[in-house]
Amino acid sequence: MNFRIKKRSAVLAAVNLLCVAGAVVITAVGASAAKSQSYNNAAERWQNGDDKTDYAQISCFLPENSAFSSDSLGAVRSGVLSALQTVSIAPEEGKKLCPDAYSARLGSMQVKGDLTGQSEAELTAVGGDFFLIHDFRLLDGSFFSDDDVMQDGAVIDRSLAWELYGSCEISGMKLNINGTQFYISGVIETPQTKEEQKCAGELPRAYISYDAATVLCGGSGDFVNNLPDTGGLAGTSGDFSRITCYEILMPDPVKSYALSSVKELMESYSDDIEIIQNNGRFSTEKRVKAAKKLSMSGVRKTAVAFPFWENASRIVEFRLSVLYLFRRLLYIIPATTLIWLIIRGFRALKQNRDRLKQALIQIKNKFARKSAKRSTNEQKS
C-alpha cells in the first residue's frame with residue numbers, strides 16, 4: 001500500500017515538474033520570438049532610458065486608394081501636437097517630440113551597377129524618420145534623410161549589393177534604376193528571421209526617397225514592372241505622394257491616449273485603415289485574449305496590403321497566441337495539485353490540532369526553562 005502511494009506521488013511530482021518545465025520553455029521561446037521582431041520596439045529605443053514620459057509606437061496601414069498622402073502629413077503632425085498640448089506636453093527646444101515615418105511600395109524594378117551586375121529589385125519609397133523606426137543593421141555607408149540636399153541616394157540590402165558589385169562595401173557607387181542614375185547611400189542586412197524572410201519574398205530590396213520616386217514617376221510612363229493599381233499614382237505631374245504605411249512615436253501620458261489620438265486623426269482618410277499599437281502587442285495578456293478569436297485571425301475584411309515587416313509581426317502574434325494559450329493549459333495541473341495540497345494540509349492540521357497544540361506548549365515550556373536557568377546563572381555570577 002505504501003509503495004503504491006509513493007509511486008503515485010512520484011508520478012504526480014514528475015507530471016507537475018514536466019508542466020512547469022514546459023511553461024518555462026514556452027516563456028523563453030515566446031520572449032525570443034517577440035524580441036526578434038525589433039521593429040516593434042522603436043518606442044523603447046527612442047526613449048533611451050528616459051522614464052519621464054512613456055512613448056507609444058503607432059502604425060497605420062492604408063489601402064492604395066486612400067485619401068492620405070504626403071500632402072496630408074502637415075495636418076496630421078499638427079493634430080498630434082495639438083492633442084499633446086491638451087495634456088500639457090510640448091516639444092523641447094532642439095529635440096523632436098514625435099518622430100514619424102511614411103512609406104509606400106513602388107514595385108519591382110530593374111537595377112544595374114556600374115559594371116555588369118544587374119538584378120530585379122523590390123523598391124520602396126520612404127520618408128521621415130523611416131530608418132530610425134526601422135532598425136535595419138547598417139553594413140556600409142549611411143542612411144539618407146529628408147534633410148539631404150540631394151535626394152538621389154538609395155539604401156540597398158546585402159543581396160542586391162552582391163548581385164551588383166559582389167561586395168557589401170560599395171557605398172558611394174553608382175546605381176541605375178530603370179534608366180535613372182542614383183548612388184548607393186548605404187547597404188543594410190537582409191531580413192534575418194524566418195518570418196521576415198518568408199514575407200519579404202525572394203527579390204532583393206532597395207529604399208529611395210519620395211523625391212527620388214517622383215523622378216522615377218516623371219522619367220518614364222512605364223518605369224515599374226508589376227506596378228500595383230495606384231489609381232493615378234504616377235500622374236501627369238510625375239509627383240509621387242501616395243502613403244500606405246504611416247508610423248509615429250508619440251508620448252502616451254495615459255494608457256491608449258496616443259492610439260486614440262492617432263485614430264481620431266487618421267480614420268477620416270479611409271474606411272479600410274488598420275491602426276495598431278506596436279509596443280506591447282506580444283504581451284501574454286493580449287496574445288491569450290487574441291487566442292479566443294484565433295479562428296478569425298486569417299479573415300481579412302479590408303483591402304490593406306501590409307508591408308513585409310508587419311506581416312512578419314502578425315505571424316509571430318499568431319504563434320504566440322497559440323503558445324501562451326498552451327502555457328496556460330500547462331498551469332492547470334500544478335495549480336490543481338497546489339490546491340489539493342493546501343486542502344490536505346488544512347485537513348491534517350485539523351486532525352492533529354491537539355497534538356500540535358501540545359507540541360507548541362512543550363516548546364514554549366522548554367524555552368521558558370532555559371530562560372529561567374540562564375537568569376539563575378547570571379544572578380549567581
Check your understanding: How would you list, by chain and number, every residue that makes a side-chain contact (heavy atoms from CB on, under 4.5 Å) with Ser103, sequence neighbours excluded?
Key -> Thr124, Val126, Phe130, Cys245, Trp309
Exercise for review: Compare every heavy atom of Pro63 with every heavy atom of Thr244, then report the nearest pair and how far apart it is.
Suggested key: CG2-O, 4.3 Å
Exercise for review: For the pair Gln277 (side chain) and Ala56 (backbone), establish whether a donor and an acceptor sit closer than 3.5 Å, ignoring hydrogens and angles.
Suggested key: no
Check your understanding: Can you name the nearest heavy-atom pair linking Ser108 to Glu120, along with the distance?
Key -> OG-OE2, 3.0 Å
Exercise for review: Apply the test side chain to side chain donor-acceptor pair (under 3.5 Å) to residues Tyr39 and Glu247: give CA-CA distance (whole Å), side-chain angles for both, the deciding distance (0.1 Å), then the verdict.
Suggested key: CA-CA 11 Å; Tyr39 146 71; Glu247 303 153 301; 3.0 Å; yes
**Study point:** Basic-acidic side-chain contact under 4.0 Å: Arg319, Glu195
**Key:** yes
Check your understanding: What pairs meet the ring pair (Phe, Tyr, Trp, His ring centres under 6.0 Å) rule with one or both residues in residues 60-95, with sequence neighbours excluded?
Key -> Phe61-Phe306, Phe68-Tyr246, Phe68-Tyr269
Kindly list each side-chain donor-acceptor pair under 3.5 angstrom involving residues 10-27, sequence neighbours excluded, with atom names and distances?
from, atom 1, to, atom 2, distance (Å)
Asn16, OD1, Thr337, OG1, 3.1
Asn16, ND2, Leu12, O, 2.7
Asn16, ND2, Thr337, OG1, 3.1
Thr27, OG1, Ala23, O, 2.8
Thr27, OG1, Arg327, NH1, 2.7

Review point. For Ser209, what residues pass the side chain to side chain donor-acceptor pair (under 3.5 Å) criterion, not counting sequence neighbours?
Key: Gln151
Check your understanding: Under 3.5 Å, side chain of Arg281 to main-chain N/O of Ile276, donor-acceptor pair present?
Key -> no
Review point. Tell me, which pairs form a salt bridge (Lys or Arg N to Asp or Glu O under 4.0 Å) where one or both residues lie in residues 177-190, sequence neighbours left out?
Key: Arg137-Glu189, Arg158-Glu189
Practice item. Decide if atom CD of Glu264 counts as having more than 12 heavy atoms of other residues, nucleotides or ligands within a radius under 6.0 Å. Key: no
Practice item. Name all residues meeting the side-chain contact (heavy atoms from CB on, under 4.5 Å) criterion together with Asp152; count only those two or more places apart in sequence or in a different chain, and write none if there are none. Key: Met150, Phe182, Tyr183
